[in-house]
**Q** 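I am attaching a structure below and will ask some questions about it afterwards.
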Amino acid sequence: MRWRGTSSAAAVAIALLAAPVAMAQGSAVPAAPASAVAPAAVAAPSAPAVAEAKPRRHHAKGDPLEGFNRTMFSIHQFLDRIAFRPLAMVYKAVFPKPIRTGLRHIFSNVGEPLVFANDMLQLKPKRAIKTAGRFLVNSTVGIGGILDVAKTRDFNLPHHDNNFGNTLGHYGVRPGPYIFLPLVGPSDLRDFGAGIAQGQTYAFTIGTPFDRAEYRVSEVVLTGLDLRVESDGALKALLGGAVDPYATLRSAYLQDRAASVAATHGAGAAAASPLDDPLEDPAAGQAGGQAPVDPAEDPLTDPAAPAAAAPPAAAQLVGSTPAVDDLPADPAPPAATAQPASASASSPAKAGAQE
C-alpha cells in the first residue's frame with residue numbers, strides 16, 4: 001500500500017511502544033530494629049550485579065527499532081494471511097489480466113510527472129526529457145495510459161522508477177532507522193517522510209480529483225491489491241525458506257534502496273554499494289547446526305534468500321509500481337530459482353549508464 005493511514009499506523013506504534021512500567025508498591029511493616037537493617041544494607045550492592053548479569057540484547061545495524069518492527073511484521077503477516085492476500089486473489093480472479101494491466105498503466109502514467117520532477121531535481125535532464133516524452137505518448141496514443149505504447153520499439157521510452165526518497169539520498173540524506181508498518185511494508189525514516197510528502201503533491205498542486213477521498217481510496221485499494229497479486233511469487237521465493245523472514249526482508253529492502261540511491265550517481269557507484277554492508281538473516285547460521293552468533297558482530301546471510309529476487313519482493317511491499325507491460329501480454333510469474341548476487345546490483349548500474 002502507499003503512504004496512507006499514517007495516523008492509524010502512528011496510533012498503533014504509540015500503543016505498542018508505551019508499555020506499562022511496573023511500579024514497586026511498599027507494604028506497611030512493623031519498624032525493624034537497627035540490627036536488622038544492617039544485613040539488608042550489606043546485601044543491597046548485590047542488586048546491580050544481578051542486573052548486570054542479564055544478557056544484553058543487540059539489534060542489527062540500522063535497525064534500532066527492531067523489537068517494535070518485529071511486532072509490526074508479525075501483525076502484517078497475520079493480516080496478510082487472513083485478509084490481504086485472500087482479497088488480492090479474489091481481485092485476480094474477478095478482473096481479467098488485461099483489465100488489471102490497464103489499470104496499472106493508468107496509475108503508472110499518472111505518476112510520470114513526479115518521476116520527471118525527481119529526474120530534474122537530480123540534474124538528469126536527458127532522463128527527464130525521456131520521462132516527459134513517455135508521459136505525452138502514453139497520455140495521447142496510449143489512450144490516457146491504458147496502453148504502454150511508449151515502451152514499444154517505435155518510441156523506445158521504457159518506464160523507470162524515481163521518487164523523492166531517491167532525491168534526498170542523492171544529496172546525502174541518510175536513510176535513518178529502518179521502519180516496518182503493517183500493510184505499508186518496509187521503509188526507513190527518510191523514505192517514509194519522503195513518501196508522505198510525494199503522496200500529497202498532486203492534492204496540493206493540482207487539487208481535484210487528487211484531493212478527493214474517492215480517488216485516494218480507489219488508488220490505494222486497486223494499486224495495493226494489484227501489487228500483492230504481482231508480488232506473490234517473488235515473496236514466496238524470498239521468504240518461503242528463510243530462517244528469519246523479517247531479517248531476510250529487511251536485508252533485501254536495504255540493499256535495494258542503497259542500489260537505487262547509488263544509481264542516481266552513476267554506474268560505478270551503483271555497482272559497488274548494494275552489498276557493502278547488508279543486514280542478512282541473523283538466524284541463518286543455526287540452520288546448519290552452527291552456534292548462534294551475535295548479529296551485531298557477524299551477521300550471516302540467509303542461504304534460502306536469493307539476492308537476485310530481493311529487490312522485486314521488497315519493492316512490492318513498499319508500494320512501488322511494478323514494471324508496466326503491454327496490455328495483451330501476461331508476464332511470466334517470478335522465478336523462484338536463485339540467481340547470481342551480481343544481478344541485483346547490475347540493474348541500477350544499467351539505469352545509471354543510460355545517462
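Any value given below was found using the heavy atoms of this structure, including those in side chains, with hydrogens, waters and symmetry copies removed.
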**Q** Answer yes or no: is there an ion pair linking Asp226 with Lys92, defined by an N-O contact shorter than 4.0 Å?
**A**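 Salt bridge between Asp226 and Lys92, a charged N being under 4.0 Å from a carboxylate O: no.
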**Q** Give the intermediate values and the outcome of side-chain contact (heavy atoms from CB on, under 4.5 Å) for residues Leu181 and Ile179.
**A** CA-CA 7 Å; Leu181 294 176; Ile179 302 172; 4.1 Å; yes
**Q** Side-chain heavy atoms under 4.5 Å apart, restricted to Ile/Leu/Val/Met/Phe/Trp/Tyr: what other residues fall into the cluster of Met120, or is it alone?
**A**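 In the cluster with Met120 are Phe116.
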**Q** Is it the case that Asn166 and Thr264 place a side-chain donor and acceptor less than 3.5 Å from each other?
**A**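 No, Thr264 and Asn166 have no side-chain donor paired with an acceptor closer than 3.5 Å.
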**Q** If the threshold is 4.0 Å, N to carboxylate O, is there a salt bridge linking Lys126 and Asp119?
**A**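 Looking at Asp119 together with Lys126, the answer is no, because their closest N to O distance does not fall below 4.0 Å.
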**Q** Can you tell which of Arg134, His159, His105 makes a side-chain hydrogen bond (donor to acceptor under 3.5 Å, both in side chains) with Asp148?
**A**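 Looking at Arg134, His159, His105, the match for Asp148 under the side-chain hydrogen bond (donor to acceptor under 3.5 Å, both in side chains) is Arg134.
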**Q** Taking atom OG1 of Thr248 and atom CG of Leu239, what is their separation to the nearest 0.5 Å?
**A**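 Reported to 0.5 Å precision, the distance equals 6.5 Å.
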**Q** Indicate, with yes or no, if Tyr171 and Leu114 share a hydrophobic cluster defined by side-chain heavy-atom contacts under 4.5 Å among Ile, Leu, Val, Met, Phe, Trp and Tyr.
**A**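 Hydrophobic grouping puts Leu114 apart from Tyr171.
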**Q** Which pair of non-hydrogen atoms, one from Met72 and one from Phe180, has the smallest distance, and what is that distance?
**A**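 Nearest pair, atom of Met72 first, then Phe180: CB-O, 3.2 Å.
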**Q** Verify, without hydrogens or angle tests, whether Thr71 (side chain) and Gly67 (backbone) share a donor-acceptor contact under 3.5 angstrom.
**A**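 Indeed, once roles are kept as given, a pair shorter than 3.5 Å links the two residues.
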**Q** Shortest non-hydrogen contact from Gly142 to Val149?
**A**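 Looking at all heavy atoms of both residues, the closest pair is CA-CG2, 3.8 Å.
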**Q** With a 4.0 Å cut-off, would you call Arg257 and Asp188 a salt bridge?
**A**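 No salt bridge links Arg257 with Asp188.
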**Q** Check the pair Phe155 / Val137 against side-chain contact (heavy atoms from CB on, under 4.5 Å), numbers first and verdict last.
**A** CA-CA 8 Å; Phe155 297 98; Val137 169; 3.9 Å; yes
**Q** Show your working on salt bridge (Lys or Arg N to Asp or Glu O under 4.0 Å) between Arg250 and Asp244 and close with a plain yes or no.
**A** CA-CA 10 Å; Arg250 176 185 60 194; Asp244 186 349; 5.9 Å; no
**Q** Does one side chain, of Gln122 or Asn162, offer a donor that lies under 3.5 Å from an acceptor on the other?
**A**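 Gln122 vs Asn162: donor-acceptor pair found between side chains.
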**Q** Hey, does Val221 have a side-chain heavy atom less than 4.5 Å from the side chain of Tyr91?
**A**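 Result no, sub-4.5 Å side-chain heavy-atom pair not found.
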**Q** How close do Asp191 and Gly165 get, heavy atom to heavy atom, and via which atoms?
**A**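 So the two residues come closest at OD1-CA, 3.5 Å.
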**Q** Hey, are the side chains of Arg85 and Leu79 touching, using non-hydrogen atoms and a 4.5 Å cut-off?
**A**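 The answer is no, as the side chains (C-beta and beyond) never meet within the 4.5 Å cut-off.
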**Q** Do you reckon Leu189 sits in the same ILVMFWY cluster as Phe164, going by side-chain contacts under 4.5 Å, direct or chained?
**A**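 Leu189 does not cluster with Phe164.
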**Q** Between the side chains of Glu112 and Arg127, is the shortest nitrogen-to-carboxylate-oxygen separation below 4.0 Å, so that they form an ion pair?
**A**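 Salt bridge flag = no for Glu112 with Arg127.
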**Q** What's the separation between atom CZ in Arg104 and atom CG in Leu227, rounded to the nearest 0.5 Å?
**A**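 It comes to 8.5 Å.
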**Q** Walk me through whether Leu249 and Phe73 qualify under side-chain contact (heavy atoms from CB on, under 4.5 Å).
**A** CA-CA 10 Å; Leu249 181 61; Phe73 180 74; 4.0 Å; yes
**Q** For the side chain of Asp211 and the backbone of Thr208, is there at least one donor-acceptor N/O pair under 3.5 Å apart?
**A**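 Confirmed, Asp211 side chain pairs with Thr208 backbone.
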**Q** Taking Ala88's backbone N and O only, do any of them form a donor-acceptor pair with Arg228's side chain (distance below 3.5 Å, no angle check)?
**A**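 Side chain of Arg228 to backbone of Ala88, a donor-acceptor pair under 3.5 Å: no, none is there.
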**Q** With rounding to the nearest 0.5 angstrom, report the OH to CD distance, Tyr246 to Gln77.
**A**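 It is 12.0 Å, given to the nearest 0.5 Å.
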**Q** Using links of under 4.5 Å between side-chain heavy atoms of ILVMFWY residues, direct or through other members, which residues join Leu121 in one cluster?
**A**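 Reading the cluster by chain and number, Leu121 sits alone, since nothing else belongs.
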**Q** Report yes or no: do Phe204 and Ile206 belong to one cluster of Ile/Leu/Val/Met/Phe/Trp/Tyr joined by side chain heavy-atom distances under 4.5 Å?
**A**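 Result: no, two separate clusters.
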**Q** Quick one: does His160's side chain get under 4.5 Å of Val115's, heavy atoms only?
**A**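 Yes. Closest side-chain heavy atoms under 4.5 Å.
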**Q** Establish, from distance only, whether the side-chain atoms of Gln255 and Ser251 form a donor-acceptor pair under 3.5 Å.
**A**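 Ser251 and Gln255 do have a side-chain donor-acceptor pair below 3.5 Å.
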**Q** Ignoring hydrogens, what is the shortest heavy-atom contact between Ala197 and Thr201? Give both atom names and the distance.
**A**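 It is O-OG1, 3.2 Å.
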**Q** Tell me whether Val173 is reachable from Leu123 by hopping between hydrophobic residues (I, L, V, M, F, W, Y) whose side-chain heavy atoms are closer than 4.5 Å.
**A**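 Unlinked, Leu123 and Val173 end up in two clusters.
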**Q** For a quick check under 3.5 Å, do Ser139 and Asn109 share a side-chain donor-acceptor pair by atom type?
**A**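 Yes - a donor-acceptor pair under 3.5 Å links their side chains.
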**Q** Using every non-hydrogen atom in the two residues, find where Arg216 and Ala203 come nearest and quote the distance to one decimal.
**A**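 For Arg216 and Ala203, the tightest heavy-atom pair comes out as NH2-CB, 3.1 Å.
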**Q** Using atom types as modelled and distance alone, determine if a side-chain donor or acceptor of Tyr202 lies under 3.5 Å from a backbone N or O of Val110.
**A**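 Side chain of Tyr202 to backbone of Val110, a donor-acceptor pair under 3.5 Å: yes, one is there.
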**Q** List the residues meeting side-chain contact (heavy atoms from CB on, under 4.5 Å) with Leu87, not counting sequence neighbours, and say none if there are none.
**A**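 Partners of Leu87 under the side-chain contact (heavy atoms from CB on, under 4.5 Å) test: Leu225.
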**Q** For residues Leu168 and Ala194, report the shortest heavy-atom separation together with the two atoms involved.
**A**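 Smallest heavy-atom distance, with atoms named: CD1-CB, 4.0 Å.
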**Q** For His76 and Pro182, indicate whether the former's side chain and the latter's backbone hold a donor-acceptor pair under 3.5 Å.
**A**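 Answer holds: no.
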**Q** Is it possible for you to say whether Ile75 and Tyr253 belong to one hydrophobic cluster, with membership spreading through side-chain heavy-atom contacts below 4.5 Å?
**A**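 Yes, it is one cluster - the side chains of Ile75 and Tyr253 are joined through contacts under 4.5 Å.
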**Q** Counting N and O atoms only, with roles assigned by atom type, does the side chain of His265 sit under 3.5 Å from a partner on the main chain of His170, one being a donor and the other an acceptor?
**A**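 Checked: pair present.
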**Q** When you measure from the side chain of Asn118 to the backbone of Thr167, do you find a donor-acceptor pair of N or O atoms at a distance under 3.5 Å?
**A**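 No; judged by distance alone, with no hydrogens or angles, the pair does not exist.
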**Q** Determine whether Glu219 and Phe210 satisfy the following criterion, side-chain contact (heavy atoms from CB on, under 4.5 Å), listing intermediate values before the conclusion.
**A** CA-CA 10 Å; Glu219 181 189 22; Phe210 301 104; over 6 Å; no
**Q** Determine yes or no for a side-chain-to-main-chain donor-acceptor pair under 3.5 angstrom, with Thr140 supplying the side chain and Leu136 the backbone.
**A**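 The answer is yes, because a donor-acceptor pair under 3.5 Å joins these two groups.
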**Q** Between Asn69 and Asp63, does any side-chain donor sit less than 3.5 Å from a side-chain acceptor?
**A**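 Side chains of Asn69 and Asp63: pair found under 3.5 Å.
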